Amino acid sequence: TSPFTPPHTQSLSFSRDTKLAATTHHQIRLIPAKLASRKTSLATSSPEALLFFSRTLLRFLFPSSSASFRVTIVCLAALDFTLGLIGFVLVTMECVVQGIIETQHVEALEILLQGLCGVHRERIRIHELCLKSGPNLGLVTSEVRLLCDLEQPEPTWTVKHVGGAIRGAGAEQISVLVRSMVESKASKNVLRLFYALGYKLDHELLRVGFAFHFQRGARISVAVSSVNKMLKLHATDEAVPVTPGIQLVEVTAPAVSENYAEVAAAVSSFCEYLAPLLHLSKPGVSTGVVPTAAAAAASLMSDGGGTTL
């Protein structure tokens with residue numbers, strides 16, 4: 001069945017050995033044993049029936065009305081149509097900066113990154129679907145991203161929720177954005193599940209490019225990609241660039257509340273090496289292309305990255 005097909009009649013079941021774990025800020029919650037005390041099944045003939053069942057289960061798991069959306073998304077990410085655990089749920093923080101570069105200088109940037117990182121690049125082709133909750137899920141709209149990795153022989157799915165950034169005087173002094181983040185691997189049924197829960201597709205993108213993952217004071221990832229929009233629903237083969245001639249560069253690193261300052265410092269330090277080609281800043285702060293990019297790119301291309309910048 002296509003992962004983009006709307007949900008139809010399904011059979012839901014769970015037994016004693018079915019476990020669901022949700023982690024949030026060092027707290028672990030498990031389904032009470034009595035929930036799985038006997039074999040239970042539910043036949044659904046409509047999205048509304050599945051929505052009722054899922055919301056009832058969530059209220060049972062987290063009766064407190066103050067439970068954050070981070071906990072909710074962990075539950076949703078772990079719910080497959082068979083109520084099995086479909087991925088390792090990671091609740092953490094991340095440090096992130098972004099910038100743009102002209103496509104004609106991307107090859108030079110790749111040479112520079114190859115020398116700095118000392119690892120091989122990985123190709124990326126990510127179909128990103130942004131979903132927003134409907135009014136039946138609360139007055140405050142929540143947003144999740146479903147990421148389908150098309151570069152794999154068998155496409156894999158990830159659920160991601162990006163939370164708010166840290167606030168306060170200390171946050172203003174940090175040159176990178178530090179925000180909460182929840183991420184989980186998922187099965188191909190995840191889009192159908194979120195549709196059944198009441199989420200609606202807001203927009204979708206296709207990111208094509210490459211990435212480097214390495215250790216340099218922190219576990220840093222650098223992704224360089226062309227951001228494309230679909231002219232038809234889910235038609236990734238017909239995607240066209242949102243901004244022709246411009247590619248997005250994103251540097252991220254995972255962190256926790258105890259070490260985010262050190263991780264942010266490591267990201268800032270690394271970004272200084274890229275300054276001749278592009279300027280990286282907090283998401284939402286546009287800095288444009290760097291005037292020195294053409295000269296720096298020409299120097300890198302002339303000797304394959306041997307020039308000291």
Side-chain angles (χ1 to χ4, degrees), residues 21-28 70 73-74 77 86-99 101 106 109-126 128 144-149 151-152 156-166 170-171 173-186 207-225 247-275 277-285 305:
T23 307
T24 175
H25 297 294
H26 313 295
Q27 294 179 346
I28 297 178
R70 288 190 296 273
I73 191 58
V74 168
I86 57 177
F88 176 74
V89 176
L90 178 63
V91 182
T92 181
M93 305 171 73
E94 69 174 356
C95 299
V96 57
V97 289
Q98 294 178 343
I101 187 171
V106 167
L109 176 60
E110 182 182 351
I111 293 174
L112 179 58
L113 289 171
Q114 183 72 62
L116 291 172
C117 305
V119 296
H120 294 293
R121 72 169 193 174
E122 296 180 8
R123 295 183 59 182
I124 57 175
R125 183 177 173 83
I126 304 294
E128 178 177 321
V144 294
R145 303 176 189 178
L146 305 185
L147 311 177
C148 182
D149 188 352
E151 195 62 34
Q152 302 300 320
T156 58
W157 290 80
T158 301
V159 183
K160 184 174 183 179
H161 167 63
V162 176
I166 62 171
Q173 299 172 1
I174 300 177
S175 60
V176 307
L177 183 70
V178 183
R179 62 191 182 190
S180 61
M181 185 265 291
V182 179
E183 193 172 49
S184 174
K185 293 296 182 181
R207 300 179 186 271
V208 181
F210 59 89
F212 289 89
H213 308 283
F214 56 96
Q215 185 74 29
R216 194 185 182 98
R219 201 152 50 87
I220 300 176
S221 297
V222 182
V224 183
S225 62
Q247 297 205 21
L248 175 69
V249 181
E250 186 173 61
V251 181
T252 59
V256 293
S257 57
E258 291 81 6
N259 74 341
Y260 73 82
E262 292 79 4
V263 174
V267 172
S268 296
S269 177
F270 174 77
C271 291
E272 293 178 1
Y273 292 100
L274 308 181
L277 282 174
L278 75 158
H279 178 71
L280 296 157
S281 58
K282 296 179 180 179
V285 179

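Keep in mind it's a predicted model, so treat the numbers as computed, not measured. What's counted below: heavy atoms across the whole structure, side chains too, no hydrogens, waters or symmetry copies.
Taking CZ from Arg179 and NZ from Lys282, the interatomic distance works out to 12.0 Å, rounded to the nearest 0.5 Å. Rounded to the nearest 0.5 angstrom, Lys160 NZ and Ser184 OG are separated by 13.0 Å. Taking CZ of Arg219 as the start and CD of Glu94 as the end, the distance is 11.5 Å to the nearest 0.5 Å. Between Phe210 atom CZ and Ser225 atom OG the span is 9.5 Å, to the nearest 0.5 Å. Here the straight-line distance linking atom CG of Leu248 with atom CD1 of Ile101 works out to 11.0 Å at 0.5 Å rounding. Between atom CZ of residue Arg207 and atom CD of residue Glu250 there is a gap of 6.5 Å, rounded to the nearest 0.5 Å.
Taking each heavy atom of Leu277 and Leu109 in turn, the nearest pair found is CD1-CA, 3.6 Å. In terms of heavy atoms, Pro283 sits closest to Val96 at CD-O, 3.8 Å. Among all heavy-atom pairs drawn from Arg125 and Val208, the shortest one is NH1-CG2, 3.8 Å.
Using a 4.5 Å cut-off on side-chain heavy atoms (C-beta onward), Ile126 and Asp149 make contact. Side-chain contact check for Phe270 versus Leu116: some heavy-atom pair is nearer than 4.5 Å. Looking only at side-chain heavy atoms (C-beta outward), Val97 and Ser175 stay at 4.5 Å or farther from each other. Residues Val224 and Phe212 form no side-chain contact, since every pair of their non-hydrogen atoms from C-beta on lies 4.5 Å or further apart. At least one side-chain heavy atom of Leu113 sits under 4.5 Å from a side-chain heavy atom of Leu274.
Contacts of Ala266 classified as side chain to side chain contact (heavy atoms under 4.5 Å, CB included), with partners at least two apart in sequence or in another chain: Ala218. Not a single salt bridge (Lys or Arg N to Asp or Glu O under 4.0 Å) links Glu122 to another residue, sequence neighbours left out. Taking Thr158 as the reference, Lys185 meet the side-chain hydrogen bond (donor to acceptor under 3.5 Å, both in side chains) condition, with sequence neighbours excluded. The salt bridge (Lys or Arg N to Asp or Glu O under 4.0 Å) test applied to Glu110 returns Arg121, not counting sequence neighbours. The side chain to side chain contact (heavy atoms under 4.5 Å, CB included) test applied to Ala255 returns Cys95, Asn259, Tyr260, Val263, not counting sequence neighbours. With sequence neighbours left out, the salt bridge (Lys or Arg N to Asp or Glu O under 4.0 Å) criterion links Glu151 to Arg123.
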* **Candidate pair Ile220 and Thr252, rule side-chain contact (heavy atoms from CB on, under 4.5 Å), full reasoning** => CA-CA 6 Å; Ile220 300 176; Thr252 59; over 6 Å; no

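Judged by distance alone, with hydrogens and angles left aside, the side-chain atoms of Ser269 form no donor-acceptor pair with the main-chain N or O of Ala265 at under 3.5 Å. Side chain of Gln114 to main chain of Val119: a donor-acceptor pair is present (N/O by atom type, distance under 3.5 Å, no hydrogens or angles).
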